[in-house]
Amino acid sequence: MNGIEKITERIEGDAQREIDAVLNAARAEAEGITQRYQAQAGRESADLVARGEKAAAERVERLGSVAQLEARKLALAAKQEMLDRAFELALQKLCTLPDEEYIDLLAALTVKAAQSGKEQVIFSRKDRSRVGKAVVTRANEMLAKQVAPKLPDELTDTKAGAILDRVVTGASAILAGTGMLTLAEETRPIRGGVILSDGDVEVNCTFETLVRLQREAMSGEVAKALFD
């Protein structure tokens with residue numbers, strides 16, 4: 001091997017070593033870059049997963065809260081409906097009492113509401129023709145009894161005594177200016193009960209009004225009885 005070949009061979013060897021060194025450095029750099037990006041990708045992936053899990057949990061919590069709120073609203077609406085039905089049933093029962101019980105009840109309401117004993121008693125159209133006269137008559141008798149003196153039993157036990165009792169009761173009512181309720185010609189669109197009218201003053205004893213007032217006072221008690 002002559003000198004030129006040796007020089008050429010040495011040059012080629014040096015070049016190959018440089019090439020190998022550059023390739024090894026490039027491979028190391030590429031591997032480092034790959035590892036760095038893999039680590040970054042892993043961190044970003046874990047962050048995305050964590051944020052997704054948090055968002056999902058928050059979504060579930062919100063949906064759960066909405067579901068609980070809707071459930072409470074539905075339960076409240078159902079309870080309100082049951083209360084409505086309970087008081088409507090009470091109103092229906094009042095309006096459909098047997099005639100004698102109905103007359104007693106309306107007469108008692110009329111007496112309790114009467115201020116002067118000279119009011120006009122207003123009914124629904126149906127009640128005016130069905131029980132109006134009987135209610136006014138009984139209420140007048142009750143008002144008269146309130147102001148009449150009590151006669152001895154030995155007098156009232158006889159037929160003559162009974163007549164005397166009625167006379168005394170009637171006279172007492174006239175003197176006291178009470179027991180002179182009258183059946184009004186007009187009627188009102190009410191379901192039951194009475195309205196007492198004395199000039200510009202009216203006392204509302206309709207069943208609708210009485211049930212509404214009782215509902216305001218008793219809703220809590222009724223709800224406890226229904227739902228406990």
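Computed from a predicted structure; not experimentally measured. For reference, positions follow the sequence shown, starting with 1.
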Self-check item: Val121 and Thr182, any side-chain heavy atoms less than 4.5 Å apart
Solution: no
Quiz item: So how far is it from Gln120 CD to Ser197 OG, rounded to the nearest 0.5 Å?
Solution: 6.0 Å
Exercise. Indicate the atoms forming the closest heavy-atom contact of Leu106 with Phe207, along with that distance.
Key: CD2-CZ, 3.7 Å
Quiz item: Would a hydrophobic clustering, with Ile, Leu, Val, Met, Phe, Trp and Tyr connected at side-chain separations under 4.5 Å, put Ile190 with Leu183?
Solution: no
Quiz item: Closest approach of Ala113 and Val203, non-hydrogen atoms and distance?
Solution: CB-CG1, 3.7 Å
Quiz item: What's the shortest heavy-atom distance between Leu210 and Cys205, and which atoms?
Solution: CD1-O, 3.7 Å
Exercise. Check whether Leu109 and Leu97 end up in the same hydrophobic cluster, where Ile, Leu, Val, Met, Phe, Trp and Tyr are linked by side-chain heavy atoms less than 4.5 Å apart.
Key: yes
Self-check item: Leu91-Val194 co-clustered via ILVMFWY side chain contacts under 4.5 Å
Solution: yes
Practice problem: List the steps and the verdict of salt bridge (charged side-chain N to carboxylate O under 4.0 Å, His left out) for Glu58 and Arg51. | Solution: CA-CA 10 Å; Glu58 291 174 349; Arg51 280 186 288 172; over 6 Å; no
Exercise. With rounding to the nearest 0.5 Å, note down the distance linking CZ in Arg212 to OG1 in Thr206.
Key: 8.0 Å
Quiz prompt | Salt bridge flag under 4.0 Å for residues Arg128 and Glu185 | solution = yes
Quiz item: Are Ile103 and Ile195 grouped together when hydrophobic residues (ILVMFWY) are joined by side-chain heavy atoms under 4.5 angstrom apart?
Solution: no
Quiz item: Got a donor-acceptor contact below 3.5 angstrom from the Thr96 side chain to the Gln92 backbone?
Solution: yes
Practice problem: Could you pull out the closest heavy-atom pair between Ala114 and Gly117, with the gap in Å? | Solution: CB-N, 4.3 Å
Practice problem: Would you give the length of the straight line joining atom CD of Glu208 to atom SG of Cys95, rounded to the nearest 0.5 angstrom? | Solution: 6.5 Å
Quiz prompt | Distance (rounded to the nearest 0.5 Å) between Thr187 OG1 and Arg125 CZ | solution = 5.0 Å
Self-check item: Contact list for residues 107-127, test ring-ring contact (aromatic ring centres under 6.0 Å, His included), sequence neighbours left out
Solution: none
Quiz prompt | Linked, directly or transitively: Met142 and Val135 (ILVMFWY side chains, under 4.5 Å) | solution = yes
Quiz item: Does Arg191 have any side chain to side chain donor-acceptor pair (under 3.5 Å) partners at least two apart in sequence or in another chain, and if so, which?
Solution: Glu88
Quiz item: Is it true that Glu202 and Arg188 have a side-chain N and a carboxylate O under 4.0 angstrom from each other?
Solution: yes
Practice problem: State, with a plain yes or no, whether a side-chain heavy atom of Leu143 is found less than 4.5 Å away from one of Leu181. | Solution: yes
Quiz item: Would you say the side-chain atoms of Thr137 pair up with the backbone N or O of Ala134, donor to acceptor, closer than 3.5 Å?
Solution: no
Quiz item: At what distance, to the nearest 0.5 angstrom, does CG of Leu94 lie from CG of Leu105?
Solution: 6.5 Å
Self-check item: Sequence-distant partners of Asp198, side chain to side chain donor-acceptor pair (under 3.5 Å), two or more places apart
Solution: Ser116
